[in-house]
Amino acid sequence: MIKSMTGYGRGEVKTKDYHILVELKSVNHKYSDFTFRMPKTFLFAEEKMRKTIRQKLHRGKVDVMMTVENLSDKEFEVRVNTKLAKEYIEKMEILCEACNIKERPGIDLITKLPDVMIAMPLEKNQDELLAIIIEATEEATKQLDEMRMKEGKVLADDLNFRAGNLKQIVEEMAPLAEETPEIYRDKLSERINKLIEKSGISDTYLSEERIATEVAIFADKVNVDEELTRLKSHILQITNLTKLDNSTDGSVGKKLDFLAQELNREANTIGSKANNLELTNLVLKAKAEIEKIREQVQNIE
């Protein structure tokens with residue numbers, strides 16, 4: 001079953017020492033993209049969280065939000081980045097000098113600067129914390145994946161409906177495309193006969209053979225058999241792809257996107273060759289359905 005790229009999941013784990021809340025929000029994106037919003041204290045868990053989420057999500061922009069509440073007296077250590085602090089002081093002194101500011105930065109300001117002082121869980125507590133964080137992440141990912149599958153079913157149903165409509169339009173195009181050269185022949189013969197009658201010119205040089213040649217040339221120019229065959233093939237591929245399990249194939253959305261582009265290209269080609277008002281109208285109807293397919297495909301993983 002195909003999956004949507006839009007969804008939400010929430011995972012919460014509470015122990016006697018910690019209360020962990022992980023929330024995931026995903027929207028459509030061409031590639032896989034993650035944004036983490038969590039205390040810097042717990043950045044050690046980011047990579048493992050990313051790997052956990054990617055086991056279920058192949059594509060989409062995912063916002064990961066985590067809050068941690070310490071419910072006990074589990075020890076933390078404060079780490080000081082002395083090198084970074086010196087760099088801040090150096091640059092601020094240069095700025096003070098350039099702006100003719102006599103006061104120099106104090107310790108209160110220095111300690112509040114980003115990444116100068118960070119409270120980290122003691123290393124012996126990190127493994128316990130990581131296990132809890134991953135448990136919450138797995139639950140959030142599971143909920144997100146379930147929501148994406150539910151929406152994916154709706155998208156698949158709509159795609160199949162649109163593909164069915166498009167298939168019907170293509171079937172209506174075929175007889176019109178076949179009739180076009182014959183209609184052209186009749187119109188050409190009619191115009192020639194009127195011209196002959198009006199001018200009084202002998203029809204010696206306008207034989208049936210010459211008309212047949214002109215019609216054959218015209219028929220070759222307006223022939224859309226190949227385009228109609230490719231349209232049918234693309235429609236069939238779309239309906240087949242909606243049945244695939246993209247937990248094992250994360251490229252279903254990209255394949256559908258490609259097919260939507262190809263459908264549009266074939267319809268444009270038929271439109272440029274069409275010399276029949278009814279066929280042109282059917283092309284416009286087909287393009288409307290293709291556009292709806294393209295819009296839906298944008299949100300499929």
Side-chain angles (χ1 to χ4, degrees), residues 1-79 81 114-115 117-156 244-254 256-257 297-301:
M1 180 189 295
I2 67 172
K3 297 180 185 179
S4 165
M5 282 191 279
T6 302
Y8 171 81
R10 186 176 188 274
E12 189 173 10
V13 177
K14 193 171 184 179
T15 69
K16 62 183 180 63
D17 297 318
Y18 300 104
H19 179 198
I20 309 288
L21 175 62
V22 175
E23 294 179 281
L24 304 178
K25 295 178 182 178
S26 70
V27 294
N28 60 309
H29 194 273
K30 192 173 183 180
Y31 304 106
S32 177
D33 183 51
F34 287 81
T35 301
F36 283 82
R37 294 186 178 91
M38 53 196 281
K40 291 182 179 179
T41 307
F42 302 96
L43 288 179
F44 66 89
E46 181 178 317
E47 188 55 35
K48 189 70 181 292
M49 292 173 73
R50 190 190 303 270
K51 288 180 180 178
T52 301
I53 298 167
R54 275 186 171 157
Q55 290 176 3
K56 293 286 187 182
L57 277 62
H58 301 289
R59 202 158 68 106
K61 179 174 174 56
V62 185
D63 285 328
V64 184
M65 293 151 284
M66 184 179 79
T67 57
V68 181
E69 184 181 359
N70 188 6
L71 303 177
S72 70
D73 56 355
K74 288 280 185 178
E75 295 179 10
F76 281 68
E77 62 174 335
V78 177
R79 296 182 182 177
N81 191 332
D115 301 324
M117 298 182 70
I118 302 176
M120 294 287 294
L122 288 176
E123 196 167 328
K124 64 181 181 181
N125 297 330
Q126 286 188 19
D127 289 343
E128 178 189 350
L129 254 175
L130 183 59
I132 300 169
I133 290 170
I134 296 307
E135 183 181 345
T137 303
E138 287 174 343
E139 177 58 31
T141 304
K142 179 184 174 185
Q143 289 186 16
L144 175 62
D145 191 49
E146 288 173 352
M147 181 175 286
R148 284 160 62 110
M149 283 194 291
K150 286 179 182 177
E151 187 170 330
K153 186 179 184 306
V154 174
L155 293 176
L244 283 183
D245 178 7
N246 62 334
S247 63
T248 56
D249 186 352
S251 61
V252 172
K254 292 181 180 179
L256 287 168
D257 187 45
V297 164
Q298 298 307 305
N299 199 38
I300 292 175
E301 183 181 65

Pairwise distance CZ(R10) to OG1(T141) - rounded to 0.5 angstrom
14.5 Å
Report the residues that fulfil side-chain contact (heavy atoms from CB on, under 4.5 Å) with T67, sequence neighbours left out, ordered by chain and then residue number.
L21
Answer yes or no: is there a donor N or O on one side and an acceptor on the other, between the side chain of T52 and the main chain of E138, under 3.5 Å?
no
Determine, stepwise, if the pair E12 / K14 fulfils salt bridge (charged side-chain N to carboxylate O under 4.0 Å, His left out).
CA-CA 7 Å; E12 189 173 10; K14 193 171 184 179; over 6 Å; no
Are any of the side-chain nitrogens in K25 or E23 under 4.0 Å away from the carboxylate oxygens of its partner?
no
Sorted by chain and residue number, the salt bridge (Lys or Arg N to Asp or Glu O under 4.0 Å) partners of D145 (sequence neighbours excluded) come out as K3
Work out which heavy atom in A45 is nearest to a heavy atom in I133; give both atom names and the distance.
CB-CD1, 3.9 Å
Shortest non-hydrogen contact from S32 toward R54
OG-NE, 3.7 Å
Taking all heavy atoms of G11 and all of A140, pick out the closest pair and write down the distance.
N-CB, 3.4 Å
Looking at residues at least two apart in the chain, or sitting in another chain, which of them share a salt bridge (Lys or Arg N to Asp or Glu O under 4.0 Å) with K61?
D33
Partners passing side chain to side chain donor-acceptor pair (under 3.5 Å) against E135 (at least two apart in sequence or in another chain)
none
Could you grab the distance from atom CG of D17 to atom CG of L129, nearest 0.5 Å is fine?
8.5 Å
CE of M49 to CZ of F34, rounded to nearest 0.5 Å, is 10.0 Å
My understanding is that only residues two or more places apart in sequence, or in another chain, count here; which of them pass salt bridge (Lys or Arg N to Asp or Glu O under 4.0 Å) with E146?
none
Test of understanding: with side chain to side chain donor-acceptor pair (under 3.5 Å), list the residues that count as partners of T6, not counting sequence neighbours.
N299
Exercise: identify the closest heavy-atom pair between A136 and V22
CB-CG2, 3.8 Å
Quick test of your reading: applying salt bridge (charged side-chain N to carboxylate O under 4.0 Å, His left out), list the pairs with at least one residue in residues 147-156, sequence neighbours left out, ordered by first then second residue.
R148-E301, K153-D157
With rounding to the nearest 0.5 angstrom, report the CD to OH distance, E69 to Y18.
12.0 Å
Residues two or more places apart in sequence or in another chain: which of them pass salt bridge (Lys or Arg N to Asp or Glu O under 4.0 Å) with R50?
E46, E47
Here the gap from M38 atom CE to M66 atom CE, rounded to the nearest 0.5 Å, amounts to 3.5 Å
Taken in chain and number order and not counting sequence neighbours, the residues that satisfy side-chain contact (heavy atoms from CB on, under 4.5 Å) with M147 are Y8
To the nearest 0.5 Å, how far apart are CG in L144 and OG1 in T137?
12.0 Å
